[in-house]
2 protein chains.
Amino acid sequence: MARAGLTADRVVEAAADLADEVGFGNITISALARRFGVKDASLYSHVKSVQDLRTRVAVLAARDFAERINAAIAGRAGRDALTAFAHAYREFALKHPGRYAATQMEISPEVLARSPGHRSLIEAPPAMLRAYGLAEPDLTDAVRLLRSAFHGYVVIEASAGFRHSRPVRTSWERGLDALHIALENWPSSSREGIARG
Amino acid sequence: MARAGLTADRVVEAAADLADEVGFGNITISALARRFGVKDASLYSHVKSVQDLRTRVAVLAARDFAERINAAIAGRAGRDALTAFAHAYREFALKHPGRYAATQMEISPEVLARSPGHRSLIEAPPAMLRAYGLAEPDLTDAVRLLRSAFHGYVVIEASAGFRHSRPVRTSWERGLDALHIALENWPSSSREGIARG
DNA sequence: GTAAATTCCTAATATACCTAGGCAGGGTGG
DNA sequence: CCACCCTGCCTAGGTATATTAGGAATTTAC
């Protein structure tokens, strides 16, 4: 009978699409096999296990995500870069919830070493903040706050956590303004750092 | 033979403990039954399904979480309340990862109506921010930023996402300082709101 | 055009979810 | 005090998913 023409890459790509539809945590070998019209066992020629599949999806998703992020912040600095980063971040997370969740999966150092996307995603925030003139360890602290705020935002938004009437997009913009102010008035390790109220 | 003495409450409590050990997404009827030394089918006298079990755990966890949060911010205002809230938040999330994850689960309006814990958790942040004098819609925006930052932080910390050498706790304190500054210099809807650098 | 490699299959095991129906033990009415 | 019944827990069984072993068929390579 006609073969489905599976390859590891095609399987992983389809898994990523599936993740965007049903959630990263809900991708199964069975569903993927059904999608290709083959038996479950057939997929094991291409991926070792569900866990392996998830990891590969994570690597793929990180590559895609990093691509968007890097395109967004290229040639920008300061507030401009912050805004561009944030919009690219939110857009990707909302458009590709499965892939986005995949990028947040915990991965081993070995996988990290082979995933340019993940490394790129780690390097982007500090690069983006360069124009704010923060030195270590403030830079690390600031990056952590931003990562947290962005991740928290899209996670809560994606899970329908903002039930209010106020448009989420507007709150997001205001939050960015506030973060910009925090970055410009960063409480460096020495002083108390209270700006005017 | 001797009965295990199960009740819905006891089952849900044990499920919450199990969630703290293996993760909220990994609680199973089977594991819970093993823990009680009964057969899987026996649990269905007390909960309708895994989904029902999860929802009940979410309600229980929200109650516990709200208790800690409310105790922490009672009688405090402004930065003092912010700090207390943040520490209670982080501590609960790290100490009870399964319960914390449960509180973040999407729940239906009907469940929400019957979960005082959830309602309390929704009401706490705006109450805590009262002393910052933010009016709507700024208050909503500020609450969203805080919820995002806190949630993002503990999620990333719990999944070992902060690989740097800088202590997470210290970054968390600095992030709080920065958020405090953002709150005191909140960019209200009318002006551009840039504080001194 | 045959040999090797690879794709996909059947078959089988293990675990989890869930339903239907049964037995027995502890509280309740006579 | 004892028969009764409610209900906690059980056995049995049907479904889905993950995974392995080994075989057949198709593609590829020489």
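Computed over heavy atoms, backbone and side chain alike; hydrogens, waters and symmetry mates excluded. Below, read A as the first sequence line, B as the second, and so on, with proteins coming before strands; counting in each chain starts at 1.
For DNA chain C, no neighbouring residue in residues 11-25 of chain B is found when judged by any heavy atom under 4.0 Å. Listed in residue order, the members of residues 28-38 of chain A having a heavy atom less than 4.0 Å from DNA chain D are A:Thr28, A:Ile29, A:Ser30, A:Arg34. Only B:Ala41, B:Tyr44, B:Ser49, B:Val50, listed by number, bring a heavy atom of residues 41-51 of chain B to less than 4.0 angstrom from any atom of DNA chain C.
Here the P atom of nucleotide C:dA16 and the CG atom of B:Asn26 are 11 Å apart, to the nearest Å. In this structure, B:Asp52 atom CG and C:dC17 atom C1' are separated by 14 Å, rounded to whole Å. At whole-Å resolution of the value, CZ in B:Arg54 and P in C:dA16 are 13 Å apart. At whole-Å resolution of the value, NZ in A:Lys39 and P in D:dT17 are 12 Å apart.
In this structure, the ring of B:His151 has its center less than 6.0 angstrom from the ring center of B:Tyr100.
Ring pair A:Tyr89/A:Phe150 is tilted by interplanar angle, where 30° to 60° counts as tilted.
Residues forming a salt bridge (charged side-chain N to carboxylate O under 4.0 Å, His left out) with B:Arg90 (at least two apart in sequence, or on another chain): B:Glu157.
One finds the CG atom of B:Asp177 at 12.0 Å from the CH2 atom of B:Trp172 (value rounded to the nearest 0.5 Å).
Of the charged side-chain nitrogens involved, at least one lies within less than 4.0 Å of a carboxylate oxygen, so that A:Arg166 and B:Asp141 count as a salt-bridged pair.
Screening residues 14-37 of chain A for salt bridge (Lys or Arg N to Asp or Glu O under 4.0 Å), with sequence neighbours left out, gives A:Asp17-A:Arg99, A:Asp20-A:Arg99, A:Glu21-A:Arg35.
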Donor-acceptor pairs under 3.5 Å, side chain of residues 36-46 of chain A to any protein atom, not counting sequence neighbours: which ones?
| unit_1 | atom_1 | unit_2 | atom_2 | d |
| --- | --- | --- | --- | --- |
| A:Asp40 | OD2 | A:Ser30 | OG | 2.9 |
| A:Ser42 | OG | A:Lys39 | O | 3.3 |
| A:Ser45 | OG | A:Ser42 | O | 3.4 |

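No donor-acceptor distance shorter than 3.5 angstrom exists from the side chain of A:Glu123 to the backbone of A:Ala127, with no hydrogens or angles considered. Between the side chain of A:Arg147 and the backbone N or O of B:Gly152, no donor-acceptor pair lies under 3.5 Å.
No hydrogens or angles considered: a donor-acceptor pair under 3.5 Å links the side chains of A:Arg144 and B:Ser171.
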